[in-house]
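Predicted model only: the values in this text are computed from it and were never measured. Chain A is the first sequence line, chain B the second, and so forth, proteins listed ahead of strands; every chain is numbered from 1.
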2 protein chains.
Amino acid sequence: MGITKSTEFTTEQNKKSLVFKALGHPARIAIIEHILSVNTCICNDLVGVLPLSQATISQHLRELKEANIIKGSIEGNSICYCLNIETLSSIRNVLDHFISNSDRIPCC
Amino acid sequence: MGITKSTEFTTEQNKKSLVFKALGHPARIAIIEHILSVNTCICNDLVGVLPLSQATISQHLRELKEANIIKGSIEGNSICYCLNIETLSSIRNVLDHFISNSDRIPCC
DNA sequence: GATTAACATCGTAATATTGCGATATATCTT
DNA sequence: AAGATATATCGCAATATTACGATGTTAATC
């Protein structure tokens with residue numbers, strides 16, 4: 001006991017939760033916001049921006065990449081990261097669905 | 001080491017990540033979807049619906065409540081839960097922001 | 001007032017996450 | 001080729017999360 005019982009839930013429920021989970025850390029929000037703010041793609045000036053070590057930042061980037069929230073392309077000896085709008089859109093649609101179906105009898 | 005360095009990030013970044021984090025578990029997605037599907041508010045028929053014990057479900061409900069994703073109102077000796085559209089909307093706006101600012105030079 | 005039903009909380013075990021230094025790897029630069 | 005730069009990965013320690021049985025608590029019911 002202690003492990004998430006993923007197999008007991010649907011594939012869709014697991015997929016959704018994995019994207020949300022990847023967004024569920026302030027460092028990863030900061031990374032996304034930094035990619036947004038620098039109008040071009042970044043490599044690891046993140047190391048100068050975030051209060052974390054290079055190893056830790058690399059780990060967070062990997063989690064974002066595994067959740068398909070960012071993409072990275074090799075650019076010489078550095079890596080250029082940018083947002084994957086598709087994933088962000090689809091998770092936005094999930095939230096839209098949560099919100100839109102709220103035309104029912106309220107209770108609280 | 002090991003603990004999230006929350007204090008190193010902005011209040012806003014922490015707030016956003018806490019909502020996403022609360023959505024980052026399949027059981028909590030399932031709870032939200034169940035509240036959506038039963039057109040009226042539910043109590044703990046969740047115990048009959050989810051593959052988890054009453055204690056575990058109660059814990060997940062508390063996390064959703066603490067993140068302001070659901071609200072519960074006492075209804076006799078049971079509790080009536082429903083979605084908190086405000087929180088869901090505001091986090092949807094965060095995603096909108098992530099997506100909309102994507103009118104910049106793509107890199108990948 | 002005892003019983004039942006619906007939750008919440010405590011304590012605990014198993015597992016996952018976070019963070020970092022050290023080290024590896026790959027690609028530029030000289 | 002040697003050194004510098006950028007990134008990834010390993011191994012570990014600290015902490016957090018997940019899950020559940022047992023036990024509380026509160027309110028309806030008998």
Side-chain angles (χ1 to χ4, degrees), chain A residues 1-9 13-14 17-31 34-35 41-67 70-82 107-108, chain B residues 1-9 13-14 17-31 34-35 41-67 70-82 107-108:
Chain A
M1 302 122 202
I3 188 171
T4 294
K5 298 171 84 174
S6 336
T7 52
E8 305 275 4
F9 299 96
Q13 286 166 340
N14 278 295
S17 69
L18 285 176
V19 178
F20 284 128
K21 191 176 186 180
L23 294 169
H25 191 289
R28 295 194 287 268
I29 295 292
I31 289 174
H34 184 75
I35 296 182
C41 284
I42 62 135
C43 333
N44 253 31
D45 37 33
L46 278 173
V47 175
V49 170
L50 298 186
L52 297 171
S53 75
Q54 183 267 323
T56 304
I57 291 173
S58 186
Q59 233 174 233
H60 282 304
L61 284 170
R62 183 172 38 158
E63 282 182 69
L64 287 171
K65 221 178 338 178
E66 275 170 3
I70 61 174
K71 318 184 239 192
S73 58
I74 296 170
E75 194 81 34
N77 69 338
S78 66
I79 294 190
C80 174
Y81 286 108
C82 63
C107 79
C108 309
Chain B
M1 306 118 198
I3 188 172
T4 294
K5 298 172 82 175
S6 337
T7 53
E8 306 274 6
F9 299 96
Q13 286 166 341
N14 277 295
S17 69
L18 285 175
V19 178
F20 284 127
K21 191 176 184 178
L23 293 170
H25 191 288
R28 295 195 285 270
I29 296 291
I31 288 173
H34 184 75
I35 295 182
C41 282
I42 62 134
C43 334
N44 254 30
D45 37 32
L46 278 172
V47 175
V49 170
L50 299 185
L52 298 171
S53 75
Q54 183 267 323
T56 304
I57 292 172
S58 187
Q59 232 174 234
H60 283 303
L61 285 168
R62 183 172 37 156
E63 282 182 70
L64 287 171
K65 220 177 340 178
E66 274 170 3
I70 61 174
K71 319 184 239 191
S73 57
I74 297 169
E75 194 82 33
N77 68 339
S78 66
I79 295 190
C80 175
Y81 287 108
C82 62
C107 79
C108 309

Practice problem: Go through the steps to decide whether B:Leu61 and B:Ile79 satisfy the test side chain to side chain contact (heavy atoms under 4.5 Å, CB included), and finish with yes or no. | Solution: CA-CA 11 Å; B:Leu61 285 168; B:Ile79 295 190; over 6 Å; no
Quiz item: Sequence neighbours excluded, which residues qualify as side-chain contact (heavy atoms from CB on, under 4.5 Å) partners of A:Ser58?
Solution: A:Gln54
Quiz item: To the nearest 10 degrees, how far apart in direction are the end axes of the helix from C:dG1-D:dC30 to C:dT30-D:dA1, each fit to five base pairs?
Solution: 20°
Self-check item: Of the listed nucleotides C:dG19, D:dT9, D:dC20, the one nearest the side chain of B:Lys5
Solution: C:dG19
Self-check item: Nearest-nucleotide comparison on DNA chain D, the residue closer to the 5′ end among A:Gln59 and A:Asn44
Solution: A:Asn44
Practice problem: Just jot down the side-chain contact (heavy atoms from CB on, under 4.5 Å) partners of A:Ala30, sequence neighbours excluded, or say none. | Solution: A:Leu50, B:Phe9, B:Gln13
Quiz item: Just how far, in rounded Å, is P of D:dT5 from CD1 of A:Ile57?
Solution: 18 Å
Quiz item: Could you state the CD1-P distance from B:Ile79 to D:dT26, rounded to the nearest angstrom?
Solution: 12 Å
Exercise. Let me know the distance between CD1 of A:Ile42 and P of D:dT5, rounded to the nearest Å.
Key: 19 Å
Quiz item: For B:Val49, which residues count as a side-chain contact (heavy atoms from CB on, under 4.5 Å) partner, sequence neighbours excluded?
Solution: B:His34
Quiz prompt | Letter per nucleotide, 5' to 3', of nucleotides 21-30 of chain C [B base touched, S only sugar-phosphate touched, - untouched; heavy atoms, 4.0 Å] | solution = BB----BS--
Self-check item: side chain to side chain donor-acceptor pair (under 3.5 Å) involving B:Thr56 - partner list, sequence neighbours excluded
Solution: B:Ser53
Quiz item: 5'-most contact on DNA chain C: A:Pro51 or B:Asp45, nearest heavy atom basis?
Solution: B:Asp45
Exercise. Pull out every residue in residues 20-30 of chain A that has a heavy atom closer than 4.0 Å to any atom of DNA chain C, ordered by number, or say none.
Key: A:Lys21, A:His25, A:Arg28
Exercise. Evaluate the side-chain proximity of B:Leu46 to B:His60: yes if any heavy-atom separation is below 4.5 Å, no if none is.
Key: no
Practice problem: Please work out if A:Leu61 contacts a base, only the sugar-phosphate, or nothing of the nucleic acid, heavy-atom cut-off 4.0 Å. | Solution: nothing
Practice problem: Take the protein atom CG of A:Leu50 and the nucleotide atom P of C:dC20, then report the distance between them rounded to whole Å. | Solution: 11 Å
Self-check item: Listed once per pair and sorted, the salt bridge (charged side-chain N to carboxylate O under 4.0 Å, His left out) pairs that draw on residues 47-64 of chain A, sequence neighbours left out
Solution: A:Arg28-A:Glu63
Quiz item: Would you say A:His60 reaches C:dT17's phosphate, i.e. side-chain N/O to OP1/OP2 under 4.0 Å?
Solution: no
Exercise. Please check if the side chain of B:Lys5 supplies one atom and the backbone of A:Pro51 the other of a donor-acceptor pair under 3.5 Å.
Key: yes
Exercise. For residues B:Gly72 and B:Lys65, report the shortest heavy-atom separation together with the two atoms involved.
Key: N-CD, 4.4 Å
Quiz item: Do you know which two heavy atoms are closest between A:Asn14 and B:Pro26, and how far apart they sit?
Solution: OD1-CG, 3.5 Å
Exercise. Show your reasoning for whether side chain to side chain contact (heavy atoms under 4.5 Å, CB included) applies to A:Leu64 and A:Tyr81.
Key: CA-CA 10 Å; A:Leu64 287 171; A:Tyr81 286 108; over 6 Å; no
Quiz item: Which is true for A:Ser58 with a 4.0 Å heavy-atom rule: it touches a base, it touches only sugar-phosphate, or it touches nothing?
Solution: base
Quiz prompt | d(CD, A:Glu63; P, C:dT17) in whole Å | solution = 7 Å
